[in-house]
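Right, one structure below, let's go through it.
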Amino acid sequence: MSKVKRLDKNYFLTEDVLYLAKDLLGKVLVTSIEGQRTAVMITETEAYKGPVDRASHAFGGRRTRRTETMYLPGGCAYVYLCYGMHHLFNVVSAPAGVPHAVLIRAGKPLEGVPLMMDRRKMDKMEKRLTAGPGSLSRALGISTALDGEQLEGPKIWMEDRGIQFQENEITAGPRIGVDYAGEHALWPYRFYLKSSQWVSKR
DNA sequence: AACATGATAAACT
DNA sequence: GTTTATCATGTTC
């Protein structure tokens, strides 16, 4: 067995959000909500490069009540409501004042599968349990109540369980659902595990 | 008015 | 099985 290490604040302080988005593949995201534990291995991410990225809520250094969380020091959660019903979870990165973030889009279920199915109102196991950012958050019990929450626990944290991937096991491509960003939408800022069954479908 | 989505249903192959 | 259209839903700007 590989050793388990909880990712600490320093890990998230890098300004290289593309590296971080890629490196988060294979890391384990754990939540403990009302004492109920669930976990997934991250299989799909997207980088949002703050000020220079038209697809980012913080494009051009935009500061609003919603985006303020992204300007906090790396290592906290940015959770916002999308389309009035989906709670999208991002990892804030870079030092305070640099609003970079990584959207976590999908994972492979590891712990608490019955609870996750219950939250998703599914009566049999399906691939969509934790595929797609809205579904993933739902399964893990993540809501906007966790916006700004530190990723060092006790409610939510990330672990390195020694799972590593080679470059050729990772695919990079355009981000999903950001057509409004024009040519920036075509930047290859989405990363996912090529052979995984647990990624969101096109 | 726009929005970093997902469930569903209908009409395909 | 797959693609396509439609719509639910509420906060932000």
Side-chain angles (χ1 to χ4, degrees), chain A residues 12 17-18 20-22 24-25 29 38 40 42-72 74 76-94 98-109 116-149 151 156 171-193 196-202:
Chain A
F12 300 104
V17 70
L18 294 180
L20 187 67
K22 227 188 300 187
L24 281 171
L25 297 174
L29 173 60
T38 49
V40 301
I42 296 168
T43 57
E44 180 180 351
T45 62
E46 280 179 3
Y48 286 85
K49 206 168 183 177
V52 300
D53 182 358
R54 210 175 287 279
S56 171
H57 295 155
F59 176 62
R62 180 182 188 77
R63 295 187 89 122
T64 65
R65 176 134 95 245
R66 181 174 67 162
T67 65
E68 202 58 34
T69 308
M70 284 198 281
Y71 292 86
L72 294 173
C76 64
Y78 170 49
V79 187
Y80 72 95
L81 191 65
C82 184
Y83 294 105
M85 60 195 99
H86 305 298
H87 299 250
L88 270 51
F89 168 67
N90 299 250
V91 173
V92 173
S93 75
V98 181
H100 295 169
V102 178
L103 173 67
I104 309 300
R105 291 190 55 90
K108 171 186 170 184
M116 291 196 282
M117 287 174 61
D118 191 48
R119 285 174 175 149
R120 296 270 289 118
K121 302 199 191 316
M122 291 172 45
D123 50 8
K124 66 183 202 317
M125 187 56 169
E126 294 176 63
K127 295 286 163 50
R128 60 186 181 87
L129 178 67
T130 51
S135 299
L136 180 71
S137 292
R138 187 84 168 152
L140 291 171
I142 296 171
S143 74
T144 53
L146 293 186
D147 186 43
E149 185 82 12
L151 296 178
I156 183 167
T171 304
R175 290 170 293 183
I176 305 291
V178 292
D179 291 349
Y180 61 86
E183 63 180 31
H184 293 192
L186 300 177
W187 290 354
Y189 279 17
R190 171 175 179 245
F191 303 97
Y192 61 95
L193 297 177
S196 178
Q197 312 268 157
W198 302 97
V199 301
S200 67
K201 58 175 171 58
R202 257 259 28 122

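Side-chain atoms are counted along with the backbone in the values below, which use heavy atoms only and exclude waters and symmetry mates. Residue numbers begin at 1 in each chain, while the letters A, B, ... track the order of the sequences.
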Next item on the list: Please report, rounded to the nearest Å, how far the P atom of C:dC7 is from the NE2 atom of A:His86.
Entry: 16 Å
Next item on the list: Check whether any side-chain N or O of A:Thr64 sits under 3.5 Å from a backbone N or O of A:Thr67 as a donor-acceptor pair, and report yes or no.
Entry: yes
Note to self: Nearest whole Å is fine: how far is C:dT11 P from A:Tyr83 OH?
What the structure shows: 17 Å
Next item on the list: In whole angstrom, give the distance that lies between atom CE of A:Met70 and atom P of C:dT12.
Entry: 13 Å
Notebook entry, point to check: Can you tell me the Watson-Crick or wobble partner of C:dG10, both distances under 3.5 angstrom?
Noted result: B:dC3
Checklist line | Straight-line distance of A:His184 NE2 to A:Tyr189 OH, nearest 0.5 Å | finding: 9.0 Å
Next item on the list: Please find the earliest and latest nucleotides of DNA chain B, in the 5' to 3' direction, that have an atom within less than 4.0 Å of any heavy atom of chain A.
Entry: B:dC3 to B:dA7
Next item on the list: Using a heavy-atom cut-off of under 4.0 Å over every strand shown, decide if A:Leu81 touches base, sugar-phosphate, or nothing.
Entry: sugar-phosphate
Margin query: Could you check whether atom CZ of A:Arg119 has more than 12 heavy atoms from other residues, nucleotides or ligands sitting under 6.0 Å from it?
Written below: yes
Item checked: Ring geometry between A:Tyr80 and A:Tyr78 (parallel below 30°, tilted from 30 to 60°, perpendicular above 60°) -> parallel
Item checked: Beyond-backbone contact of A:His86 with A:Leu81, side-chain heavy atoms, under 4.5 angstrom -> no
Next item on the list: Sort out for me which residue in A:Thr130, A:Ile142, A:Thr43 forms a side-chain contact (heavy atoms from CB on, under 4.5 Å) with A:Leu136.
Entry: A:Thr130
Note to self: Between C1' on C:dA8 and CE on A:Met85, what's the gap in Å once rounded to a whole number?
What the structure shows: 4 Å
Notebook entry, point to check: Quick one: OH on A:Tyr71 to NE2 on A:His100, what's the gap to the nearest 0.5 Å?
Noted result: 9.5 Å
Note to self: Which is more 5' along DNA chain B, the nucleotide nearest A:Arg120 or the one nearest A:Glu46? Just name the residue.
What the structure shows: A:Glu46
Checklist line | Value in whole Å for how far the P atom of C:dT9 lies from CZ of A:Arg138 | finding: 12 Å
Check: Which of residues 52-65 of chain A sit near DNA chain C, with a heavy atom under 4.0 Å from it?
Finding: A:Arg62, A:Thr64
Next item on the list: Measure the shortest side-chain to side-chain distance between A:Leu129 and A:Pro109 over non-hydrogen atoms and say whether it is less than 4.5 angstrom.
Entry: yes
Next item on the list: Determine which pairs satisfy salt bridge (Lys or Arg N to Asp or Glu O under 4.0 Å) with at least one residue from residues 55-64 of chain A, sequence neighbours left out, and list them in order.
Entry: A:Arg63-A:Glu68
